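A short write-up of the structure that comes next.
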Amino acid sequence: MREGTQKVIGTHSGKFHADEVLGCFLLKQMPDYSSAVIKRTRNPDELNQCDIVIDVGGVYDHSKKRYDHHQKGFDETLKSVTGIEEDIKLSSAGLVWAHYGKEIVKATVEQDLSEKDIHDIFCRMYEMFIKEVDAKDNGIEAADPPYRYRTWTDFSGRVSRLNANGLRFDSADEETQFKKAMELAKEEYFGILNEIVSYWLPSREIVNEALNNRFDVDASGRIMKIEKCGVSWPAHLKTLEEEKKIKNLILFVVFPDGNSGWRVQAVPKESGFALRQPVLPTCLALRDAELAAACGVHDAIFVHANGFIGGARSYEGALEMARKSIVDAEMKISDS
């Protein structure tokens, strides 16, 4: 370590991967490392002169600022490091995020945040970005049962395509290509961060209020009304239901479509396509007059072919479609 000199982030030379590219970018978002230079080498003596080392050296030791994950016996996850329930093995990017992510959030969000906001952004960024990098670098399949992670971005693949391979780029271009990969990490990180801060985070309070008011919408408590178009409700509903220990889970969400009409959307079981209950299952793929005659809602417009969403010209019509869908579900249970 050097006093009063520019800090150095160490990582390996040769072919680069998404995890150390992202890890280096993340470190440089912190005030202590914002002007740091990146030293790409595999020489142990040179690495020992660095202030922090990631993805090389065969050591994970937070007290020594060493964050490799390739050594035998390494099996750290976000849960083992932070206590947060995530079981994907960490890469160097995940290690940097686990130890410095909240500091990075504070440094990269230009607004005042509560500790809860910081924690939630930290978790959401891991879910949407870091986890995929961790998983792919460690050879973990997304579809390896049980469902492990969701692919939000093919950042790892795009970084890989920037590497020299003897045909597109030679070894002399390696540092230039690494810098391009760092710019890619910057674009990806801030794009996702902006979505989280400007869209996902504000949606939480809207969904929370709608969930609290669900019995004002329908006596069953299984229909939720959201007053605004474009709210990110699926991302929050399951978490809020668990926090509030709600047993009669929401089946349908009614919201404006942005064109003077209303939508009724079925709540997914998880993050995939399976639904807790489809919209009007006896009327799938019907439209307009045919649909209105079949379901008895005079201003009904459509029901999607798989029942995940339907629409009406009025709020009352969309609400009635949701209510009739609940009746259909109850009749199916009683007949079984």
Side-chain angles (χ1 to χ4, degrees), residues 9 17-34 54-55 62 67 69 76-138 140 142 147-159 181-205 207 231-240 243 271:
I9 299 169
H17 308 94
D19 67 322
E20 79 267 16
V21 168
L22 179 56
C24 288
F25 164 76
L26 291 171
L27 288 173
K28 285 180 66 65
Q29 304 315 297
M30 297 192 296
D32 286 350
Y33 294 98
S34 61
I54 68 170
D55 210 45
H62 180 51
Y67 303 97
H69 68 110
E76 301 293 341
T77 65
L78 200 65
K79 182 177 181 179
S80 69
V81 177
T82 70
I84 294 169
E85 291 290 339
E86 290 285 359
D87 64 355
I88 295 289
K89 183 178 176 180
L90 297 175
S91 69
S92 59
L95 282 170
V96 169
W97 192 251
H99 288 286
Y100 303 105
K102 291 186 178 180
E103 183 178 346
I104 294 166
V105 169
K106 291 178 184 178
T108 53
V109 176
E110 297 180 354
Q111 66 185 60
D112 291 334
L113 298 170
S114 67
E115 288 302 314
K116 178 172 174 50
D117 287 342
I118 293 168
H119 175 80
D120 288 348
I121 294 170
F122 172 89
C123 293
R124 186 64 171 172
M125 180 62 76
Y126 185 79
E127 175 68 25
M128 292 186 69
F129 191 15
I130 317 293
K131 185 198 288 192
E132 180 183 343
V133 174
D134 285 348
K136 289 184 175 180
D137 196 78
N138 285 302
I140 299 170
Y147 188 79
R148 305 300 301 279
Y149 63 96
R150 177 177 174 183
T151 297
W152 295 87
T153 167
D154 188 24
F155 175 73
S156 298
R158 286 183 288 155
V159 168
M182 288 275 288
E183 286 298 311
L184 190 62
K186 177 181 179 180
E187 178 184 354
E188 201 71 37
Y189 175 82
F190 281 105
I192 295 172
L193 182 67
N194 180 62
E195 178 181 341
I196 291 171
V197 173
S198 66
Y199 174 53
W200 179 85
L201 196 62
S203 292
R204 182 181 61 194
E205 285 307 311
V207 177
V231 173
S232 177
W233 61 263
H236 296 289
L237 180 56
K238 186 173 184 291
T239 300
L240 288 168
E243 289 178 1
S271 57

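Please read these numbers as outputs of a predicted model, since none were measured by experiment.
- The two residues Met182 and Phe25 make their nearest non-hydrogen contact at SD-N, 3.6 Å.
- Of the candidates Lys131, Lys79, Arg124, Glu86 forms a salt bridge (charged side-chain N to carboxylate O under 4.0 Å, His left out) with just one, namely Lys131.
- Distance alone, capped at 3.5 Å, places no donor-acceptor pair between the Lys89 side chain and the Thr77 backbone.
- Residues meeting the side-chain hydrogen bond (donor to acceptor under 3.5 Å, both in side chains) test with Asn138, sequence neighbours left out: His69.
- Between His99 and Tyr67, the two ring planes are tilted [angle within 30° to 60°].
- At distances below 3.5 Å, at least one donor-acceptor pair connects side-chain atoms of Thr108 with backbone N or O atoms of Ile104.
- The backbone N or O of Glu183 sits nowhere less than 3.5 Å from a side-chain atom of Glu187 that would complete a donor-acceptor pair.
- Looking only at distances, a side-chain donor or acceptor of Glu20 sits under 3.5 Å from a matching main-chain atom of His17.
- When all heavy atoms are compared, the tightest approach of Ala98 to Val81 is CB-CG1, 3.8 Å.
- Distance alone, capped at 3.5 Å, is enough to place a donor-acceptor pair between the His236 side chain and the Trp200 backbone.
- Between Gln29 and Ala107, the closest heavy-atom pair is O-CB, 3.4 Å.
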For this session: Apply side-chain contact (heavy atoms from CB on, under 4.5 Å) to the pair Val109 and Leu193, showing each step before the final yes or no.
Result: CA-CA 8 Å; Val109 176; Leu193 182 67; 3.8 Å; yes

For this session: Please step through side-chain contact (heavy atoms from CB on, under 4.5 Å) for the pair Thr82 and Trp97, ending with a clear verdict.
Result: CA-CA 10 Å; Thr82 70; Trp97 192 251; over 6 Å; no

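- The two residues Ala93 and Leu26 have their closest heavy-atom pair at O-CD1, 4.3 Å.
- Within the 3.5 Å criterion, the main-chain N or O of Asp19 finds no donor-acceptor partner in the side chain of Asp137.
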For this session: Start with the C-alpha gap between Met125 and Ile192, add the side-chain angles, then the distance that decides, and say whether side-chain contact (heavy atoms from CB on, under 4.5 Å) holds.
Result: CA-CA 7 Å; Met125 180 62 76; Ile192 295 172; 3.7 Å; yes

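- Within 6.0 Å of the NZ atom in Lys102, the count of heavy atoms belonging to other residues, nucleotides or ligands exceeds 12.
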